[in-house]
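Below: the structure, in C-alpha cells.
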Amino acid sequence: MLEELKQLKQEIMEKCDQVSTTKELNEIRVEYLGKKGPIQAMSSKMGSLSIEEKKEFGRSLNTLKTEINERLETKKQELEQKELEERLQKETIDITLPSTELTVGGVHPITQIINQVEELFVSMGYDVVEGPEVELDLYNFELLNLPKGHPARDSQDSFYITDEVLLRTQTSPVQARTMEANKEKKPIRVICPGKTYRRDNDDATHSHQFHQIEGLVVDENISLADLKGTLEILAKTMFGEDREIRLRPSFFPFTEPSLEVDVSCFKCGGKGCSLCKGTGWIEILGSGMVHPNVLRDNGYDPEKYTGFAFGVGPERIAMLKYGITDIRDFYTNDLRFLNDFNRVEGGE
Ligand code: DAH
C-alpha cells in the first residue's frame with residue numbers, strides 16, 4: 001500500500017506540472033482529494049491493517065495529503081499570476097491609436113422652438129396640454145363654430161378616416177377639449193403644441209404634416225389688450241427685445257374679432273428688406289377673441305366669460321428665425337442640416 005501511495009504521489013505531481021490553467025488545477029484537486037478520489041479510498045482501506053501498519057500508513061497518508069495541498073497551492077499561485085499577466089497583456093490599451101469619434105444627438109430645431117414657447121408660457125402660469133392627432137370632426141370643426149358645409153372648412157383640406165374622424169388639421173380642437181374637460185367651468189390658461197395634418201402637396205412652403213402651438217385663455221374680463229400684451233411678449237422672446245407687433249383684422253370662424261399678428265422685421269429693423277418684402281413687417285400667427293358661439297357650445301357662459309386664442313406655427317418661426325427656405329429640410333433628417341442647430345438647447 002505504501003508503494004501505491006508513492007505512485008499516487010508521483011502521478012499527482014506530474015499532473016500538477018502539466019496543467020496550464022487554474023480551472024484544470026481545480027479539477028485535479030477534486031479528482032484526487034475529493035470524496036470519491038483515491039486518497040479517500042485508501043484511507044477507507046486502513047481498517048484492514050494491523051495497528052502498527054495503520055500508524056505508519058496513516059502518517060504517510062497525512063504527509064501525502066499535506067504535500068499535495070502544498071503543491072496545489074503553489075501551483076495555484078503560479079497560475080493565477082500567469083493568468084493575470086496574460087489578461088493585462090490582452091487588455092493593454094494602445095493609446096497611440098486614433099480615437100473613435102463620439103457623436104451626440106441634438107434637439108430638433110422644431111422641438112427647440114416648441115420648448116422655448118412652452119418655457120415662456122409656463123413662466124406666465126399656463127399649463128401645457130395635449131390632444132389626439134386622430135380627431136373627431138366634432139372637435140376639429142363643429143365645436144369651433146365650423147358646422148358641416150361651412151366654406152371655411154375648404155381652406156383646411158383634411159385627411160378624413162371616416163365621415164366623423166380625421167387627422168386634426170389644427171391644434172384648435174384642443175380648445176374645445178380643454179373647455180369640455182373643465183367641468184366646473186373655471187378659468188383656463190393653456191398652450192398645446194402638437195402635430196397637425198393637411199392634404200397639401202409638399203413643396204418648399206407646404207408640408208402635409210406640420211406643427212402648431214395653440215394658446216387659449218378664458219376668464220372673466222379678458223380683453224384684446226391681454227391678447228396683445230401676451231403676443232408682444234411672445235414676439236420679443238422669439239425674435240428679440242426690440243421687436244414690436246401689429247394686429248391686422250382677419251377671419252377665423254372660432255374668433256371674433258380675428259386678428260393676424262405681424263412682427264416688425266428683425267432683419268432690417270422695419271426699414272424694409274427682402275425678408276419683409278419691403279413692408280417692414282412679417283406675419284407670424286393668427287389669433288382673436290374666442291367667438292361667443294365657441295364659448296357657449298363648450299359650456300362657458302359668453303355673458304360672463306371672454307377669452308382669447310392664438311395659433312402659431314413653429315416651422316414658420318424657425319424658418320424666419322434661422323433663414324430656412326425649404327420646410328422639407330425639417331423632416332428629411334439630413335444631418336448636415338440638423339447639426340447646424342446642434343448647440344446647447346436654447347443657446348444661440
Ligand atoms: N387654427 C388656425 C389655423 O390653423 C390658427 C388659429 C387662428 C388658431 C386663430 C387660433 C386662433 O386659436 O385664434 O389656421
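Counting convention: from 1, in listed order, for ligands and their atoms alike.
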* Asked: Does a donor on one side chain and an acceptor on the other come within less than 3.5 Å for Asn62 and Arg59?
  -> no

* Modelled atom types, side-chain donor and acceptor of Thr332 and Asp334, under 3.5 Å -> no

When you pair each N or O of ligand 1 with protein N or O atoms, which pairs come out under 3.5 Å?
from	atom 1	to	atom 2	distance (Å)
ligand 1	1 (N)	Gln170	OE1	2.7
ligand 1	1 (N)	Ser172	OG	3.0
ligand 1	4 (O)	Arg198	NH2	2.8
ligand 1	4 (O)	Gln212	NE2	2.8
ligand 1	12 (O)	Gln175	NE2	3.0
ligand 1	12 (O)	Glu214	OE2	2.6
ligand 1	12 (O)	Phe310	N	3.4
ligand 1	12 (O)	Phe310	O	3.4
ligand 1	13 (O)	Ala309	O	3.2

* Name the orientation class of the two ring planes belonging to His108 and Phe330 (parallel below 30°, tilted from 30 to 60°, perpendicular beyond 60°). => tilted

* Asked: Does anything in residues 172-185 pair up under salt bridge (charged side-chain N to carboxylate O under 4.0 Å, His left out), and if so which pairs, sequence neighbours excluded?
  -> Glu135-Arg177, Glu184-Lys186

* Tell me, which pairs form a side-chain hydrogen bond (donor to acceptor under 3.5 Å, both in side chains) where one or both residues lie in residues 207-219, sequence neighbours left out? -> Thr171-Gln212, Thr171-Glu214, Ser172-Glu214, Gln175-Glu214, Asp202-His208, His211-Glu315

* Sorted by first residue and then second, give each ring pair (Phe, Tyr, Trp, His ring centres under 6.0 Å) pair with at least one member in residues 113-139; sequence neighbours left out. => Phe121-Tyr126, Phe121-Phe310

